[in-house]
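The shown structure was predicted, so the numbers you read here are calculated from the model rather than taken from an experiment.
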Amino acid sequence: MDMRPVGLALVLAAGMGGTASGRETAESAPPARGLQAFFDERVQEHLELGLRFSAVSLRTHDKWDSTGRHGFVGTVSHLDEEQSGWPYNVSAAYYFDPHFGIDLQWEHLRAEAVTTSQDHHVDGTYDAKGPSLMAVGRLPLAGGLVPYLGVGLNFPSVDFEPEDWWRLGYSSPSDYEPGSEMRNGGKTRHMDTRADGAACLAAAGGVLWRVQENWALDVNVRYVDVEAISHHYSTEATGKVNDHGENSIPLAYFAFGAGVAYAF
C-alpha cells in the first residue's frame, strides 16, 4: 500500500491545525491597554522632572531719599536676599515633541528689610513664592547637550514677616526684651503686603547635559518679575490708627540654578 498520500494528508492537516491555533491565539490576545499603554503613549519621552539648588539675586537692592529720609518703607533702605541651602526649585515639564513643551516649576524668594540706622538692623522679611508656568523651546545637539529657553507667567504670593520687636513698636532690637509681653506704650505696627497683580513675567534659559538615557545635569538662569505693595500703619493703645500709606516693593530677581533632571 502506498503511504505517501496518507503522509501528505497528515502533514497538510497538521499545518492547517497549527495555522488555525496560531490565529486563535493571536486573536484572543488583547492589545496593550491600561497604565502601561498610557505610559508608553503619553508619558515616555514626554515627561521630565527636575530638582535644582538656586542662588537668588534681587534686581534692586537699595533705595534711599536723603532729602525726605525715606527708603522702600520708612527707614528700610536695603533689601538683602536670604540664600537657601535646599533644592527648592522643583519642576515638571511635558514635551509634545523633542523641541516644544510646557514647564511648571516652583519659585521662592526671601529678602530681609534692612534699615539705614547705625546698626543696620532688620525689621522683617519679605517672602515671595509661587508657581511659574512657561512655554519652553529646546534644541537637542550632539553630545547630549540640550539648550532651552522658556517664557511665561509666575503667580506669586507675597507676605511680610515682621520681627517681634518691630511689630510691638520698639525702635530697635536692643530696646526689646524677648519674652516680655510689655508693648512700647501699647503701640503695634503692621505691614500688610500683597503681590502687585495676580501674575508677573517669568523667563528661563539653560542647558541640559544628558549623561545617561534618562538622567541629565541642568544649569539655568531664571527671572521672576515680582512687585509687591506694602500698606504700613500702626495702632495706638487708645485705638488710634496711624496710616503711613502704601509703598511699592521691588522684589524682581534672578535665580541661578544647578541640579538634575529625569526624563521618563
**Message:** Once salt bridge (Lys or Arg N to Asp or Glu O under 4.0 Å) is applied, do any residues pair with Asp103, and if so which ones, sequence neighbours excluded?
**Reply:** none
**Message:** Rounded at 0.5 Å granularity, tell me how far CD in Glu227 sits from CG in Leu251.
**Reply:** 7.5 Å
**Asked** What's the spacing between Leu149 CG and Arg138 CZ if we round to 0.5 Å?
**Response** 12.5 Å
**Asked** Is a side-chain N or O of Ser84 found less than 3.5 angstrom from the main chain of Trp86, in a donor-acceptor match?
**Response** yes
**Prompt:** What distance do Glu163 atom CD and Arg189 atom CZ have between them, rounded to the nearest 0.5 Å?
**Reply:** 12.0 Å
**Complete:** Sorted by chain and number, sequence neighbours left out, side-chain contact (heavy atoms from CB on, under 4.5 Å) with Asp97 holds for His99, Phe100
**Message:** Per the ring pair (Phe, Tyr, Trp, His ring centres under 6.0 Å) rule, what does the pair list look like for residues 123-159, sequence neighbours excluded?
**Reply:** Tyr126-Phe160
**Thr60 and Leu79, any side-chain heavy atoms less than 4.5 Å apart** = no
**Request:** Step by step, work out the side-chain hydrogen bond (donor to acceptor under 3.5 Å, both in side chains) result for His108 and Asp127.
**Result:** CA-CA 8 Å; His108 192 189; Asp127 189 90; 2.9 Å; yes
**Request:** Write down the atom of His232, the atom of His190, and the distance for their closest heavy-atom approach.
**Result:** CD2-O, 3.3 Å
**Asked** Given side chains that start at C-beta, do those of Ile102 and Phe96 come closer than 4.5 Å, heavy atoms only?
**Response** yes
**Message:** Restricting to side-chain contact (heavy atoms from CB on, under 4.5 Å), what partner residues turn up for Glu213, sequence neighbours left out?
**Reply:** none
**Message:** Checking His70 against Asn247 for the side-chain contact (heavy atoms from CB on, under 4.5 Å) test, could you report, in this order, the C-alpha distance in whole Å, the side-chain angles of both residues, the deciding distance, and whether it holds?
**Reply:** CA-CA 11 Å; His70 191 274; Asn247 297 268; 3.3 Å; yes
**Item:** side-chain contact (heavy atoms from CB on, under 4.5 Å) evaluation trace for Asp123 with Trp165
**Value:** CA-CA 8 Å; Asp123 286 351; Trp165 63 267; 3.1 Å; yes
**Complete:** Rounding to 0.5 Å, atoms OG1 (Thr235) and CG (Asp243) come to a distance of 12.0 Å
**Item:** With Ser172 via side-chain contact (heavy atoms from CB on, under 4.5 Å) - residues at least two apart
**Value:** His121, Ser174, Asp175
**Residue pairs, two or more places apart or on separate chains, that pass side chain to side chain donor-acceptor pair (under 3.5 Å) and touch residues 200-212** = Glu48-Arg210
**Asked** Any idea which heavy atoms bring Gly257 and Ser54 closest together, and the distance?
**Response** CA-OG, 3.9 Å
**Asked** Which residues pass the side-chain contact (heavy atoms from CB on, under 4.5 Å) test with Ala204, sequence neighbours left out?
**Response** Met134, Arg222
**Fill in**
residues 69-84 vs salt bridge (Lys or Arg N to Asp or Glu O under 4.0 Å), sequence neighbours excluded, gives Glu82-Arg110
**Reported CG-to-CH2 distance for the pair Leu208 and Trp215, which is rounded to 0.5 angstrom** = 13.0 Å
**Request:** Would you mind reporting whether Val226 and Leu109 have side-chain heavy atoms less than 4.5 Å apart?
**Result:** no
**Within-4.5 Å side-chain heavy-atom neighbours: Glu107 and Val56** = no
**Request:** Considering non-hydrogen atoms only, spot the tightest contact between Pro156 and Ala198 and give its length.
**Result:** CD-O, 3.7 Å
**Asked** With a 4.5 Å limit on heavy-atom distance, are the side chains of His120 and His78 in contact?
**Response** no
**Request:** Nearest 0.5 Å please: distance from the NZ atom of Lys187 over to the OG atom of Ser234.
**Result:** 4.5 Å
**Prompt:** Which residue pairs pass the salt bridge (Lys or Arg N to Asp or Glu O under 4.0 Å) test when at least one of the two sits in residues 192-209, sequence neighbours left out?
**Reply:** Arg194-Glu246
**Prompt:** Does one hydrophobic cluster hold both Leu145 and Val260, with members joined at side-chain heavy-atom distances below 4.5 Å?
**Reply:** yes
**Request:** Following the transitive rule for hydrophobic clusters with a side-chain heavy-atom cut-off under 4.5 Å over Ile, Leu, Val, Met, Phe, Trp and Tyr, establish whether Tyr262 and Val207 coincide in one cluster.
**Result:** yes
**Request:** Apply side-chain contact (heavy atoms from CB on, under 4.5 Å) to the pair Tyr170 and Asp164, showing each step before the final yes or no.
**Result:** CA-CA 9 Å; Tyr170 290 89; Asp164 286 342; over 6 Å; no
**salt bridge (Lys or Arg N to Asp or Glu O under 4.0 Å) contacts touching residues 142-155 (sequence neighbours left out)** = none
**Request:** Report yes if some heavy atom in the side chain of Tyr88 is under 4.5 Å from a heavy atom in the side chain of Lys129; otherwise report no.
**Result:** no
**Item:** Shortest non-hydrogen contact from Ala228 toward Thr193
**Value:** CB-CG2, 4.1 Å
**Prompt:** If every non-hydrogen atom of Leu58 is compared with every non-hydrogen atom of Pro250, which pair is closest and at what distance?
**Reply:** CD2-O, 4.3 Å
**Item:** pair Leu49-Phe264: side-chain heavy atoms closer than 4.5 Å
**Value:** yes
**Item:** Any donor-acceptor pair under 3.5 Å from Arg167 side chain to Pro162 backbone
**Value:** no
**Message:** Between Val158 and Tyr253, is there shared hydrophobic-cluster membership here, with clusters defined by ILVMFWY side-chain heavy atoms closer than 4.5 Å?
**Reply:** yes
**Complete:** All heavy atoms of Tyr95 vs all of Val136, minimum pair found to be OH-CG1, 3.7 Å
**Prompt:** Who else is in Leu201's hydrophobic cluster (ILVMFWY, side-chain heavy atoms under 4.5 Å, direct or via others)?
**Reply:** Val151, Val221, Tyr223, Phe254, Phe256
**Item:** Nonpolar side-chain network containing Tyr233, other nodes, edges under 4.5 Å
**Value:** Val241
**Asked** Are any of the side-chain heavy atoms of Leu141 and Pro147 separated by less than 4.5 Å?
**Response** yes
**Prompt:** With distance as the sole test, does Asp218 use its side chain to make a donor-acceptor pair with the main-chain N or O of Ala258 at under 3.5 Å?
**Reply:** no
